[in-house]
Amino acid sequence: MTSFCVFSVKVALCCVVVLLAASPPFSHAQLDNSFYRDTCPKVHSLVREVVRNVSKSDPRILASLIRLHFHDCFVQGCDASILLNDTATIVSEQTAAPNNNSIRGLDVVNQIKTAVENACPGIVSCADILALAAQISSVLAHGPDWKVPLGRRDSLNASFDLANQNLPGPNFSLDQLKSAFERQNLNTTDLVALSGAHTIGRAQCRFFDNRLYNFNGTGNPDPTLNTTLLQSLQAICPNGGPGTNLTNLDLTTPDELDSNYYSNLQLQNGLLRSDQELFSTSGADTIPIVNSFSSNQTLFYENFKASMIKMSIIQVLTGSQGEIRAQCNFVNGNSASLATLPTKQSSEDGIVSSM
């Protein structure tokens, strides 16, 4: 990544080449955009119908479904392990610190699975449903569209420990963010592009209130937080309050997946520390990327699409690996009666990870 690609026409072309140079192809191994062409040709429209209907009453679900896909892929790959409930033999990822009382949309995924099973029983994996729901959510939020490589299979287990270890947190430094992404073979451009998903959605006060009153134990607010935003956030999140009040991640267009996220960072209006770190870390190679995405939304969209596809193929199961779950919350043959944790509903609206 070079630091001189910023604003001029000649330089902008440089940015396109440099930023997209590491982008993956639109397929991977046994994954294919038309995987269900013969076996479940209406799968995309089935997923879209459910997501669109839910989003009419809950527009925040679009951010939640993108985030759910992210939280799945960062833990033993894109295998729908995040959907597995606690059983006698499985410790659910849903109760890991980055997910507990935070992830949303599990019930919506189950609605999608029911619709798909009614049309194409035993054909479409829950992992593919998560990937499709994320892509459709981007489109419904007026963001970019892309062809989703399909053919993933579902895991037979989950990893509570990896969920705690691998998912980046809202107070991560830039070095910590980079390390978390590098473990998934995602580079700095992927980090900045995928963080742009924070242009939609909301976060609970508890994930950023340390920036408002006692940043890093100093007894003062985070100096990288815009003072006007600080005052409005202090009104929403009183010191010592419950920490569950909500505020938009993007101050300007909170329900549209656009490049305003990056403009917000330039004005020190990033809500989470992990957001603002991308721009306010002195000398960071993320700064010119933020500047480029802020000034060129098309460039952001192209990189967001490429990075979402790249993320969606992390350690996928294909062929005879794993299985196609009949129910997304349980491996096949494991009765729901064994569950000790009911499927979470979309009642929570927290943001824990950096995406």
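If you read the sequence from its start, that first residue is 1, and numbering goes on from there. These numbers come from a predicted model, not from an experiment.
A distance of 10.0 Å separates CG of D72 from CD1 of I103, quoted to the nearest 0.5 Å. Taking CD1 of I66 as the reference point, atom CZ of F304 lies at 5.0 Å (rounded to 0.5 Å).
W146 and I309 make their closest contact through CD1-CG1, 3.7 Å (heavy atoms, listed as atom of the first residue, atom of the second, distance). Closest approach of D154 to A127, counting heavy atoms only: OD1-N, 2.8 Å. Among all heavy-atom pairs drawn from I136 and R48, the shortest one is CD1-N, 3.5 Å. For L212 against P221, the heavy-atom pair with the smallest separation is O-CG, 3.5 Å. Smallest separation of non-hydrogen atoms from A119 and L46: CB-CD1, 3.7 Å. The two atoms that bring L194 and F181 nearest to each other are CD1-CE2, 3.8 Å, heavy atoms only.
Although no hydrogens or angles enter the test, the distance criterion places a donor-acceptor pair under 3.5 Å between the side chain of E323 and the main chain of N332.
D285 and K178 are joined by a salt bridge, as a carboxylate oxygen and a charged side-chain nitrogen come within less than 4.0 angstrom of each other. By the 4.0 Å N-to-carboxylate-O rule, E117 lies close enough to K113 to be salt-bridged with it.
In this model, a donor atom of one side chain and an acceptor atom of the other lie less than 3.5 Å apart for Q94 and N85. A donor and an acceptor atom, one from each side chain of D86 and S92, are nowhere located under 3.5 Å apart. Defined by atom type and a distance below 3.5 Å, a donor-acceptor pair is present between the side-chain atoms of R67 and S102. Side-chain N/O atoms of S159 and D161 include no donor and acceptor closer than 3.5 Å. One side chain, D222 or T224, offers a donor N or O that lies under 3.5 Å from an acceptor on the other. For the residue pair Q135/H44, the side-chain donor-acceptor check at 3.5 Å is satisfied. Donor-acceptor pairing under 3.5 Å is recorded for the side chains of S81 and D79. Side-chain atoms of N157 and S155 form no donor-acceptor pair, as typed in the model, at a separation below 3.5 Å.
At least one side-chain heavy atom of N216 sits less than 4.5 Å from a side-chain heavy atom of R273. Looking at F70 and M311, their side chains come closer than 4.5 Å, going by heavy atoms from C-beta outward. For the pair D258 and Y301, the minimum side-chain heavy-atom distance is below 4.5 Å. Two residues are said to be in side-chain contact when any heavy atoms from C-beta on lie closer than 4.5 Å; V124 and L150 fail this criterion.
Each of L167, N164, I82 was evaluated against V75; a single residue qualifies, L167, per the side-chain contact (heavy atoms from CB on, under 4.5 Å) test.
With sequence neighbours excluded, the residues satisfying side-chain hydrogen bond (donor to acceptor under 3.5 Å, both in side chains) with S263 are S294.
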